[in-house]
Each structure stands twice: as C-alpha cells, then as structure tokens.
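Below, each value reflects all heavy atoms present in this structure, side chains not excepted, and no hydrogens, waters or symmetry copies.
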There are 2 protein chains.
Amino acid sequence: MAKNDTAKKAIALHKKLGGKIRIAPTMQIKNRADLSLVYTPGVAAVSMLLALSKSKGLQEKLARDYTIKGKMVAVISDGSAVLGLGNIGPYGALPVMEGKCALFKTFANVDAFPIVLDTQDVDEIVETVCHIAPAFGGINLEDFAAPHCFAIEERIKARLSIPVMHDDQHGTAIAVTAALLNAAKVVKKDFKKLKVVVVGAGAAGTAVTKLLLRAGIKDIVVLDSRGVLDTKRPAHKKELAKKTNPRKIKGGLGEALAGADAVVGVSGPNILHAKDIQKMAKSAIVFALANPTPEIMPQEAKRGGAKVVATGRSDYHNQINNSLVFPGVFRGALDNRVSKITDAMKLCAAHNLAALVKKPTAQKIVPDPFEKGVAVAVARAIK
Amino acid sequence: MAKNDTAKKAIALHKKLGGKIRIAPTMQIKNRADLSLVYTPGVAAVSMLLALSKSKGLQEKLARDYTIKGKMVAVISDGSAVLGLGNIGPYGALPVMEGKCALFKTFANVDAFPIVLDTQDVDEIVETVCHIAPAFGGINLEDFAAPHCFAIEERIKARLSIPVMHDDQHGTAIAVTAALLNAAKVVKKDFKKLKVVVVGAGAAGTAVTKLLLRAGIKDIVVLDSRGVLDTKRPAHKKELAKKTNPRKIKGGLGEALAGADAVVGVSGPNILHAKDIQKMAKSAIVFALANPTPEIMPQEAKRGGAKVVATGRSDYHNQINNSLVFPGVFRGALDNRVSKITDAMKLCAAHNLAALVKKPTAQKIVPDPFEKGVAVAVARAIK
C-alpha cells in the first residue's frame, strides 16, 4: 500500500478530477455546415464508403483511415488481479485503467480508453472483448489473473486481426529483459550464460521466462509458492517446467538460488532475505518487482551481496515498470498497423529499450519513463 | 444520400481527422510525483476505497465520484439500422457514433465514447453491453433496428442501474412531441384534441406514438407498410394497435389521413404526395422526418395545403433532429445521477424544449441546436 500521504493526496486528486481522462472532439462544430459534415447528412457518405467495401479486411483498413480505429487502444480489465491488490473487481480496477490511459497519451500520444468488465468468466470475457473490438486498433489486456489470463489472451488473439497484448505478461517481460541485458553488462557477465531464477509462475513470471529463453538464456529455474516447477504441475506450469531447469534442480528457493547470477521476483512481498542472496554467485543481480512491497528491500539485497538491484518502485534506483514499454508498443503497432505483436518484436523492443542507456551502471540499467525517446525506441521495434 | 459536394467534403474531412474524437488526460503528468498519484502506488488507495465499499450500490456511487463513471456515456450500435442506410454493420456505424460523441461534447459537455458491436444477436448484445457497463454513467443505444431494439433496450434497462436510452426511439419522440406542441399553437388547435397519423411503426414510430399518448393526445392512427395497424399484427405492433385508432379506421394512408390534423412520417422517402395532404383537415401539420430524403418535400406538402412543415434536414425550416435532445438528456441524467429515464422526464423535456421558442411560427416550431440553452432546458427535465 502507498504511504499514507501519497494515498491521501491520490484520493483527493481523484475526487477533484472526477476521472483522469476526458473526450475531446478533433474539430470544432460551430454551425450547421460543420454539423452536416461530421454528422448527418455528410457522415452517410463515409458510412457507405466503409460499408460498401468488399471484404471485412478492406473495411478494417478503411476504418483505420477514416475513424478512431486508426488510433484507439482499449485498456481492458476484469479486475481479477489489480496491482498487488488481488481480485477487487471492475470498480477497483477502473482508476488503474484510467491512469494507464492517461500514461498512453502522455508518453506516446496514443488514444486509449478504459473498459472494465462485470464478469470474470473466460468465455464471457472473450466474447465481450471480440464483440466490442471493431472501434479499436489494439487491445491492451490488463490485470487479468493467472491462469485464466493465458486462455483469454490466446483466444482473443486468434479471433481478432488487431494486436492484443496482456501487458502484465509481455510488457513486464520486455522491461525485465531490457533491464537484464544492461545488468549483465554492469556485472560483466555474458547475458546468454546467466543462470536465472524466476520466482513466481503467474502471468509475469511465465512471460518473463519465455522471453528470456527466446533472448538466448539457457539456464532458467522457475518457482511458484510450492517450489521449483516440475512436470507434474498442471497446465501452463507443466509447459514452463518442460522448457526450463536444465540442471534438474529440485526443492525450493535455497536450492534454486545456489550459484545463480540473477533472480527475478514477480511474486509477493518479503519472500527473499539477505541470506538467500548470499547463496547466489558473485555480483548477483536482484530484481524484486512485487508492487508496492518488493520481495526484498534494496538495502537488504545489497547486504546479501547483490551488485545490481531493481524494483518496481519509483523511490529507488532502477524502476522496472511497464510504463517504459506499453506506450511505445502500441504506438508502433498503430503506426505500422501490425496485426500481431510477435516474440521477435518484443525482443527487439527489449534491445532498443536497453540501448537507450548508453553506459549502464549499477544505479542505472533502465531509462526513466520521462526521458525523451523511450516510446519512440520501443515503437521502432513493433513492425 | 448527401449531395455530392457535401459527401466529398465529408469524406475528405474524415480522412484528414482520422477519428472525430480523441482522448485527453485531465491533468498533466510531468514527473514521478505526478505519476505516483495518477498511477502506482497512489492509485492503489483509490482502488481500495472503491473495492472495499460494502455494497455494489456504494461502489457505483463512489465510482461516480472518483472515476470517469460520473461523466462518461457509451454510444453503442450494432449497425443494424444506421441513419437511412439500413443494416450496414459496425464499421459503417462507427463514423455516425463518433459524430454523435462529438455532438455530446459540443452541445452539452458530456463525455461520450463510441462502441460498435460485431454481433446482431439480441442475447449477445445484451450480455456485451451489461459486461462493459461499469465504466459508464449512461448508455445511449443508437441505430438498432426494430423490432429487436425493443427487447434489447428493455433487457439492458432491467439489468443496469444507470440510465439506458435508445435514442432513435426516445430522442425522436421527445423532439417530435416538442415540435407538435408548438405546431398546434401555430395552427391554433388544441394539442390534446389533434387527430394524428403516424406513418411508420418501427423504433421511432412506436416511441413517438407512446409519448404523444402520454402527452394526452387521444386520436392517433399508426400505419406500417401494410396499412393501418390492427390487433392481428405481431408483437409490438399489436400492442400499439390496441392503444391507438379509437375511430377503428381500416385501410391505408388515404383512409388514415382523411380529416387528420397532423401526420408524422418516420418511414421512408417519397411515400406522401400533395393529394394525400389535401385529404387532411385545414391547416395541416406535416412532419416528414425520413432522412436524408423525407416522405414528402416541403414544397409539395405546402402545395397540398400544409400550414406547418418540418423535416429532419438542415436545409429547410423546422429541422426536427435528435441533436436537440440527446445531449441534454444525458447531461441531466449525469448531473442528477438518475438511474432511469422515465416517461414523465421525457414529457417534461419535450415541454421544456418547446418552451424555448417564445413565439412559434410556421417557420420556427423548434429551436436550433446551436442556440444557447437547449441542452440546459432539456437537462432540467431529467431529475
């Protein structure tokens, strides 16, 4: 939870604003002549242009040219895993989704609108999102809990021809990969030869692991609350177990961390301690990304011998936050009209993001989201 | 269809704009301190405030205070009856819905967002709209065809605690009632004693008839393409037949119009002629509202003896258009946090709208949508 004064200020600000986004017309409507162009009768010509085009594909293309579809992203949540707050439903999710829409505009001039769903049923979610998709050029799924987030994303992607991205998975994976690329430079180790431990096998942990594998890292061990994943786990964890843990480690955190070069925490507060970090290899890299309370506080990680420490928080060095990623991803997706965000694009985005830090140091492995060029660098990868 | 030059201009304008609305943050996000209030960690306090409130009703109330729910209307269409263009689907509908959202903002400072649906199945439409409702303070259904529009509106209204209005029905009914109140003054006849013929028994015709009955008119005859409605018609037409036609007229337009004081056309182009109008009572009132081509052109209606003529077009006197109504209805609904828009409110809105024309004449029975005070007058009724 936020510190008390931040919490109070945030509540007062939200009450004053009454919504963090608003709608603005893109032209002034001052008289009947204007009205006859933006509305009836003139608009009928545009409607017929779209409706008469021969195929659905051509309709979608023209809709991108003539309507908001060319620039509008839906930020959609069912409120099942909001921040670190858990399953708090659509009303609890709405302030977060609005905030995300405000960041989309601020960081990348992407128009984004929040949709919160009054259902947590996978079939209903998939149907609802697909039914409202025509007005949008992209869909950012947000704060859907694992494991239902995996099926939801896959099924929606299969049905739509616009890019769909569950940001808790892929935004996090891109940011972590970028940070780890630079952290490896700081500790002067070969990125691909890093021994990495991922703590947490939810949405973020799963996607981080997959993208790090794709980036060329061979030795990744993934843990959930029961310990190192094995192939007796159900569904997506079984799949993950098959792809990871080449040294066949069994057990818990202690076994996994012994000799590891990096640990990526995407689980919950205070589950790591200095003595755990001490078991890691020299110049350990510790990403403690649970929000708002990390798996281990930076001071304690340092005491355990960590060389590079990052969190999700803005009040420490090295904030690994999705806001480095999602604005640029959708900026690129819209500009280049891509229909899918591929693993190759995600990896390229991670490299572009990492490259923005010219000389990585232990205190600076990722750019600040307010630095110029962050969204542009990420967007360049999405084509 | 619009005249050629209007059509060309409209297409060029839409291409240039690439969407008639955009998203704007309501505050500048310039640094990490701002970020920590609108997004994590500060936003978590607002999310918890909403999520921890005891009942769904209280959650909704707080959401109106702290999020866009207090100001945002969804403008939703399935594209099944767009303008006079017919069933042209979601992409054809989108430019119209965007235009409507631009008018909401221009005329009443209501934030409105367009949603177009990739389904025309009643169950799917109802489910989809209800599932996305939490972020909205009101729902404007638009361009849904009859008869499925009736079931859709009723079922959504029954499930949600925010106002839901199918504008093709009720916006039209309010505008027509206001216009007829003033037209009766112009021809110096008692409004409640008018003999009215409604041509068209779709969404608009049905709602117009019901609101005129509610306004106290006793003698209304409704026709569809097969003639005067009788109780052998299916579903909503049977219901309408039971409530209307006290003189038990049988037949078609000729029989219905004989001696009528007013005719309201909400059907299709060119179905009325001067000889039809000649059958009406002295000082006939003719509302020919089919768009863009009316049931009868004003010149011809005058030739047939009409005293007051109105259309839906901006290039003739007396434009009866929903844009006089919907911005104010939702302005009032949001400001007063009403959960339903009742018949009493609609009737009050019609009276308020009519009263804006201090001295009605044959050339001016309704205000211009650009006149100051239109939305405010309508909004005052919705409480």
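In this structure, the portions of B:I29 lying under 4.5 Å from any heavy atom of chain A include both its backbone and its side chain. For B:C130, the part lying under 4.5 angstrom from a heavy atom of chain A is the backbone only. With a 4.5 Å cut-off on non-hydrogen atoms, B:N321 touches chain A through its side chain but not through its backbone. Contacts between B:K100 and chain A at a heavy-atom distance below 4.5 Å involve backbone atoms as well as side-chain atoms. For a residue to count as touching a neighbouring chain, one of its non-hydrogen atoms must lie under 4.5 Å from one of that chain's; by this rule B:A112 touches chain A with the backbone only. In this structure, the portions of A:L117 lying under 4.5 Å from any heavy atom of chain B include both its backbone and its side chain. Contacts of B:I11 with chain A are made by both backbone and side-chain atoms, with heavy-atom separations under 4.5 Å. In this structure, chain A has no heavy atom under 4.5 Å from any part of B:M97. Contact of B:K71 with chain A is made through the side chain alone, with heavy-atom distances under 4.5 Å. With a 4.5 angstrom heavy-atom cutoff, B:P90 touches chain A only via side-chain atoms. With a 4.5 angstrom heavy-atom cutoff, B:T40 touches chain A only via side-chain atoms. With a threshold of 4.5 angstrom between heavy atoms, B:K105 approaches chain A through side-chain atoms but not through N, CA, C or O.
In B:K364, the NZ atom is crowded: over 12 heavy atoms of neighbouring residues, nucleotides or ligands sit closer than 6.0 Å.
The minimum heavy-atom distance between B:A10 and A:V43, with the atom names listed, is CB-N, 4.4 Å. Residue B:L94 comes nearest to A:T67 through the heavy atom pair CD2-OG1, 3.2 Å, listed as atom of the first residue, atom of the second, then distance. Across all their heavy atoms, A:G89 and A:Q120 have their closest contact at CA-NE2, 4.3 Å.
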Decide yes or no on salt bridge (Lys or Arg N to Asp or Glu O under 4.0 Å) for A:D118 and B:K56, but give the supporting numbers first. CA-CA 11 Å; A:D118 199 14; B:K56 199 171 167 185; 3.1 Å; yes
Would you check, one step at a time, whether the test side chain to side chain contact (heavy atoms under 4.5 Å, CB included) holds for B:D143 with B:V96? CA-CA 9 Å; B:D143 290 357; B:V96 182; 4.0 Å; yes
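Chain B forms the most heavy-atom pairs under 4.5 Å with one residue out of A:K9, A:E124, A:K15, A:K20, and that residue is A:K20. When the candidates A:I115, A:N291, A:D368 are compared by the number of heavy-atom contacts under 4.5 Å with chain B, A:D368 comes out ahead. In terms of heavy-atom pairs under 4.5 angstrom with chain A, the leader among B:S53, B:A51, B:P134 is B:P134. Interface summary for chain B: among A:A102, A:S323, A:G70, A:A24, the most heavy-atom pairs under 4.5 angstrom belong to A:A24. Across B:T119, B:L49, B:V129, the residue that shares the most heavy-atom pairs under 4.5 angstrom with chain A is B:T119. Interface summary for chain B: among A:V38, A:L17, A:V46, A:L52, the most heavy-atom pairs under 4.5 angstrom belong to A:V46. Contact tally against chain B (heavy-atom pairs below 4.5 Å) for A:G92, A:C101, A:P369: the top residue is A:G92. By number of non-hydrogen pairs under 4.5 angstrom with chain B, the leading residue of A:D78, A:L83, A:L103 is A:L103.
B:Q319 and B:T311 share no side-chain donor-acceptor pair at under 3.5 Å. Using a 3.5 Å distance cut-off with no hydrogens or angles, the side chains of B:E127 and A:T128 do not pair a donor with an acceptor. For the residue pair B:N322/B:D167, the side-chain donor-acceptor check at 3.5 Å is satisfied.
Ring centroids of A:F107 and A:F370 are separated by less than 6.0 Å, placing the two rings close together. For A:F113 and B:F136, the distance between ring centers is under 6.0 angstrom.
At least one donor-acceptor pair closer than 3.5 Å links the side chain of B:R331 to the backbone N or O of B:A108.
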